[in-house]
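In what follows, a single structure is set out as structure tokens and then discussed.
Chain A is the first sequence line, chain B the second, and so forth, proteins listed ahead of strands; every chain is numbered from 1. Only a predicted model underlies this, so the values are computations on that prediction, with no experimental measurement involved. Just so you know, these numbers use all the heavy atoms, side chains as well, and skip hydrogens, waters and symmetry mates.
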Amino acid sequence: MPELPEVETVRLGLEPRLLNTKILSASLVDAKPHKKYKDLELSVGQSIKAVKRRGKFLILKLSGNLDLIIHLGMTGVLAFEPFEKHTRVKLEFANENLYFQDLRRFGRFLVVPAGNYQSMPTLHHMGPEPLADAFNPKQFHKALKKTQTAIKTYILSQRPVAGLGNIYVDEALWRAKIHPKTAANKLKKAKAHALVPIIKEILSASLEAQGTTLNDYRTVEGDSGEYAAALQVYGRKGLSCHRCAKKIERIVVAGRGTHICPNCQKLF
DNA sequence: CGCATTTCCTGGTAGC
DNA sequence: TGCTACCAGGAAATGC
């Protein structure tokens with residue numbers, strides 16, 4: 001599913017084609033106006049002045065002091081060629097159209113006043129970008145002190161750091177030898193510190209591979225990401241841990257399928 | 001406020 | 001074979 005490397009790959013594909021183009025029409029296709037598809041008509045006649053990303057959200061900065069916010073959810077795909085099925089949104093430009101496909105309708109596509117994210121709590125309270133200097137060991141350790149929530153759950157909340165979803169959080173915790181149920185404020189300082197460069201390395205490597213394609217995710221050009229081959233725990237239930245050869249297990253944390261090596265990741 | 005649980009949504013698949 | 005039940009999960013809503 002689209003997490004930071006996937007969304008950034010999509011952003012890079014969109015930017016050169018959307019910059020300084022005018023939205024001629026914005027229409028819902030097999031979707032009704034809803035909290036997740038809102039105020040699209042306000043984007044009509046506006047020009048796209050920047051194509052940004054914050055965590056897993058794409059933010060198109062529009063000329064009329066508006067932001068067009070796109071979240072790919074689990075199955076969202078953007079492309080300039082029409083899809084056969086599950087198209088939800090079509091944006092028309094002078095020379096081409098942008099289509100949004102979303103099989104399971106977990107995605108969002110909405111227009112808000114620029115920078116006004118009050119109605120989007122996750123975006124509003126989002127932590128630092130993981131590849132930026134603001135995400136550093138000292139600050140991360142400080143953030144983890146704020147709650148006793150399980151470390152995996154807290155990272156998924158986007159508050160201590162932005163952009164990680166179920167795949168990369170499992171990968172990072174395995175690399176750092178941290179059990180996902182460890183209370184955030186109980187994590188040893190050394191472990192918290194170690195997790196920071198690990199997160200940066202995993203996300204950078206995945207971005208280099210254009211992300212992880214398991215099922216739906218595609219680049220704007222329709223290509224698959226190649227990072228799936230590098231996954232160490234996610235989707236490897238019953239297979240051998242690449243570090244100690246014990247079998248990878250699948251547990252549930254905060255209602256999410258969670259992959260761990262029971263030998264490398266002990267809960268203290 | 002903090003934290004846990006439920007909801008949304010649909011194609012694939014396990015089980016009978 | 002054909003049906004039902006359940007699973008996947010990001011973010012918001014709801015519950016306590």
For the side chain of A:N166, counting heavy atoms from C-beta on, which of C:dA12, C:dG9, B:dC9 is nearest? C:dG9
Quick check for you: among B:dC9, B:dC8, C:dA11, whose closest atom lies nearest to any side-chain atom of A:R105? B:dC9
Answer yes if A:L68 and A:Y37 sit in the same cluster of Ile, Leu, Val, Met, Phe, Trp and Tyr residues linked by side chain heavy atoms under 4.5 Å apart, and no otherwise. yes
It should be established whether A:T147 places a side-chain nitrogen or oxygen under 4.0 Å from OP1 or OP2 of nucleotide B:dC3. yes
Given the structure, check if the side chain of A:R104 and the base of B:dG11 hold any donor-acceptor pair shorter than 3.5 Å. no
Looking at A:H71, I'd like to know whether one of its side-chain N or O atoms comes within less than 4.0 Å of OP1 or OP2 on C:dG10. no
So which nucleotide from C:dA12, B:dT10, B:dA4 ends up closest to the side chain of A:L103? B:dT10
Between A:H86 and B:dG11, is there a contact of a side-chain N or O with OP1 or OP2 at under 4.0 Å? yes
Here the distance between atom C1' of C:dA11 and atom CG of A:L58, to the nearest Å, is 16 Å
Can a cation-pi geometry be assigned to A:K90 and A:F83, taking NZ or CZ under 6.0 Å from the six-membered ring centre and within 45° of the ring axis? no
Verify the cluster assignment for A:L40 and A:I23: are they in a single hydrophobic cluster under the rule of side-chain heavy atoms below 4.5 Å apart? yes
Is there a side-chain contact between A:Q158 and the phosphate of C:dG10, meaning an N or O under 4.0 Å from OP1 or OP2? no
Please figure out whether A:R108 or A:M74 has its closest DNA chain C nucleotide nearer the 5' end. A:M74
If only side-chain N and O atoms of A:K56 are considered, is one of them under 4.0 Å from the OP1 or OP2 phosphate oxygen of C:dG10? no
Examine C:dA12: is either OP1 or OP2 under 4.0 Å from a nitrogen or oxygen in the side chain of A:Y117? Give yes or no. no
Could you tell me whether A:Y154 contacts a base, only the sugar-phosphate backbone, or nothing, with contacts defined as non-hydrogen atoms closer than 4.0 Å? nothing
Test salt bridge (Lys or Arg N to Asp or Glu O under 4.0 Å) on A:R218 and A:D223 and set out the steps. CA-CA 5 Å; A:R218 294 291 185 282; A:D223 298 326; over 6 Å; no
Roughly, in whole Å, what's the span from CG in A:L123 to C1' in C:dA11? 11 Å
Is A:F106 stacked on the base of C:dA11, meaning ring centres closer than 5.5 Å and planes within 30 degrees of each other? no
Toward the 5' end of DNA chain B, which comes first, A:R88 or A:T153, by nearest nucleotide? A:T153
Closest to the A:K35 side chain, choosing from B:dC3, C:dA13, C:dA11: C:dA13
Using the closest heavy atom to pick a nucleotide of DNA chain B for each, name whichever of A:T149 or A:G255 lands nearer the 5' end. A:T149
State whether A:F80 and A:R17 meet the cation-pi test: NZ (Lys) or CZ (Arg) under 6.0 Å from the six-membered ring centroid, and within 45° of the perpendicular axis. yes
Rounded to whole Å, how long is the line connecting atom NE2 of A:H125 with atom C1' of C:dA11? 13 Å
